[in-house]
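Right, one structure below, let's go through it.
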Amino acid sequence: MITVFLCALLLASGCHVNSSTPDTETFASDLANPVGLAVTVEGTLLVAESSAGQILAIDAEGVRTPLVIDFPLGTFFPYDIGPLSVFAAADGTIIVGEGGSATGDDRIRFFDASGVESTAGALAAPTGSNFSGLAIHPVTGDLYAASAESDRVFRAKSNGDGSFSALTEWISDTGSPPIGRRAPASVAVASDGSVVVAFADFSQSAIVRFDAAADDPTAAFDELYATDDVIAAVAIHPGSGEIYFAESIYTSNRLGTGRVMRLVVADDASVEPETFLDGLSAPSGLAFAADGTLYVALLGLTPNEPTGSIIRVAGTGESTGPAPVAPADPGDTAQPDVGETLADQPDSEMVPAKSRPQ
């Protein structure tokens with residue numbers, strides 16, 4: 001078992017602590033179960049305030065505007081849940097993953113920058129529910145959606161004009177071999193074009209990287225990190241390409257104290273976990289601005305009370321890693337090559353979690 005709290009006592013096991021103190025501030029408070037976060041190209045922070053059933057827009061000065069309201073509400077005991085994820089597309093479209101309805105009824109919905117819903121309609125799938133993570137591949141334009149309750153990752157192929165084809169199962173039954181991890185809670189696209197999924201399995205959480213170009217993603221994946229705590233969110237630093245994730249203990253049917261971690265490439269090209277920010281009250285969402293500013297959603301320790309908040313973290317590092325993949329041309333319907341498959345990459349690039357000291 002990889003234990004990450006009390007990291008200072010575990011340096012010998014490969015867990016490191018950030019050598020510098022991040023510059024943090026409380027950006028917003030008194031929120032009701034904030035979870036998914038996104039930052040628009042203009043720098044506006046979008047917050048899925050889940051138990052309030054709305055998407056908030058918060059500008060750089062902290063001024064809040066309810067952008068979309070009245071999402072369906074449900075219960076994932078002990079939390080009241082509504083919208084779970086939000087993604088800001090490069091063309092200004094705001095994409096929201098619902099979580100308050102029954103399996104098959106939760107939708108992925110599309111809005112313009114002013115909160116007006118698209119007339120093209122929403123996406124849904126008979127096996128889909130609790131769409132807790134969303135990402136668009138910047139090369140192919142395909143939409144990926146993590147469905148925590150159904151143990152599935154969905155994909156909707158880009159039509160090349162900003163719209164998407166039907167939502168289909170990209171990975172089915174993640175809890176079974178060969179993956180063996182339940183509750184895919186968050187998804188992001190790494191700088192090499194691979195798809196990174198955070199699994200929030202209560203006793204077997206993990207960060208797993210999949211090859212977006214593989215016909216069968218379960219045949220070419222790499223488990224980068226594993227823990228018996230809950231990983232609720234993952235995000236990619238826009239400069240360095242490093243993977244950041246939010247991890248919390250789980251006790252009494254709720255998230256407890258936690259931290260933001262990141263995976264750091266060592267001199268020998270292996271990847272090691274590092275604690276970036278510790279002592280947080282149930283971190284539940286992450287998002288980077290284009291300049292590397294990191295936003296972290298905190299649920300707070302009292303479910304369904306307005307005790308949640310957003311912290312803003314400056315100075316998360318300059319660009320030291322591979323350059324991000326180039327955006328897709330909206331008018332190009334061809335599916336470009338997203339690069340070599342994970343199976344073609346040197347084994348030294350990523351160290352599976354099971355090979356680290358336990």
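In this text, all values refer to a predicted model and were calculated from it rather than measured experimentally. Just so it is clear, the values below take in all heavy atoms, side chains as well, and ignore hydrogens, waters and symmetry mates.
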Report task. Give every residue pair that meets the side-chain hydrogen bond (donor to acceptor under 3.5 Å, both in side chains) criterion with at least one member in residues 37-64, sequence neighbours excluded. Result -> Thr40-Glu42, Glu49-Gln54
So, using side chain to side chain donor-acceptor pair (under 3.5 Å) as the criterion, who are the partners of [X] when residues are at least two apart?
X: Ser147; value: Ser150
X: Ser114; value: Asp112
X: Asp173; value: Ser176

Would a hydrophobic clustering, with Ile, Leu, Val, Met, Phe, Trp and Tyr connected at side-chain separations under 4.5 Å, put [X] with [Y]?
X: Val86; Y: Leu56; answer: no
X: Val260; Y: Ile311; answer: yes
X: Leu224; Y: Val234; answer: yes
X: Leu67; Y: Leu45; answer: no
X: Ile310; Y: Phe245; answer: no

Query raised in the report: What orientation do Phe221 and Phe210 show, parallel under 30°, tilted 30 to 60°, or perpendicular over 60°?
Result: tilted
Donor-acceptor pair, distance only, cut-off 3.5 Å: does the side chain of [X] make one with the backbone of [Y]?
X: Ser284; Y: Pro34; answer: yes
X: His137; Y: Val189; answer: no
X: Thr24; Y: Arg312; answer: no
X: Ser85; Y: Gly36; answer: no
X: Glu242; Y: Val264; answer: no
X: Asp228; Y: Gln204; answer: no

Where [X] and [Y] come nearest, the two heavy atoms and their spacing:
X: Val35; Y: Pro83; answer: CG2-O, 3.8 Å
X: Ala214; Y: Ala220; answer: CB-CB, 4.5 Å
X: Gly82; Y: Leu73; answer: CA-CD2, 3.8 Å
X: Pro72; Y: Glu98; answer: CD-OE2, 3.6 Å
X: Thr218; Y: Pro178; answer: O-CG, 3.6 Å
X: Ser186; Y: Ala146; answer: N-CB, 3.9 Å

Requested in this report: Assess whether side-chain contact (heavy atoms from CB on, under 4.5 Å) is satisfied between Val208 and Glu223, documenting all intermediate values.
Outcome: CA-CA 4 Å; Val208 182; Glu223 186 172 284; 4.2 Å; yes
Mind checking the [atom1]-[atom2] spacing from [X] to [Y]? Nearest 0.5 Å is all I need.
X: Leu298; Y: Asn33; atom1: CG; atom2: CG; answer: 12.0 Å
X: Thr307; Y: Leu299; atom1: OG1; atom2: CG; answer: 8.0 Å
X: His237; Y: Leu263; atom1: NE2; atom2: CG; answer: 14.0 Å
X: Ile136; Y: Asp91; atom1: CD1; atom2: CG; answer: 7.5 Å
X: Ile236; Y: Leu286; atom1: CD1; atom2: CG; answer: 10.0 Å
X: Met261; Y: Ile207; atom1: CE; atom2: CD1; answer: 10.0 Å

Query raised in the report: How does the hydrophobic cluster around Val41 look, that is, which other residues are in it when side-chain heavy atoms under 4.5 Å mark a link?
Result: none
Run the ring-ring contact (aromatic ring centres under 6.0 Å, His included) test against [X] and tell me which residues pass, sequence neighbours left out.
X: Phe27; result: Tyr295
X: Phe164; result: Phe110
X: Phe71; result: none

Show me the donor-acceptor pairs, under 3.5 Å and distance only, between side chains in residues 123-135 and residues at least two apart or in other chains.
{"unit_1": "Thr127", "atom_1": "OG1", "unit_2": "Glu169", "atom_2": "OE2", "d": "2.7"}
{"unit_1": "Ser129", "atom_1": "OG", "unit_2": "Glu149", "atom_2": "OE1", "d": "2.9"}
{"unit_1": "Ser132", "atom_1": "OG", "unit_2": "Ala185", "atom_2": "O", "d": "2.9"}

**Report entry** Those residues that, when tested against Glu117, pass salt bridge (Lys or Arg N to Asp or Glu O under 4.0 Å) (two or more places apart)
**Finding:** Arg109
Query raised in the report: salt bridge (Lys or Arg N to Asp or Glu O under 4.0 Å) with Asp151: which residues, sequence neighbours excluded?
Result: Arg182
Query raised in the report: For residues 169-198, which residue pairs qualify under ring pair (Phe, Tyr, Trp, His ring centres under 6.0 Å), counting only residues two or more places apart or in two chains?
Result: Tyr144-Trp170
Query raised in the report: Would Tyr225 and Ile243 count as a side-chain contact (heavy atoms from CB on, under 4.5 Å) if you check the C-alpha gap in whole Å, the side-chain angles of each, and the deciding distance to 0.1 Å?
Result: CA-CA 11 Å; Tyr225 176 79; Ile243 298 171; over 6 Å; no
Query raised in the report: How far apart are the C-alpha atoms of Val313 and Phe276, what are their side-chain angles, what is the distance that settles it, and do they pass the side-chain contact (heavy atoms from CB on, under 4.5 Å) test?
Result: CA-CA 10 Å; Val313 188; Phe276 176 72; 3.8 Å; yes
Query raised in the report: Can you tell me if CZ on Phe76 sees more than 12 non-hydrogen neighbours from other groups inside 6.0 Å?
Result: no
Query raised in the report: Counting only heavy atoms not in Asp216, do more than 12 fall under 6.0 Å of its CG?
Result: yes
Query - side-chain contact (heavy atoms from CB on, under 4.5 Å) between Ile108 and Leu143, intermediate numbers included - result: CA-CA 10 Å; Ile108 297 173; Leu143 173 67; 4.2 Å; yes
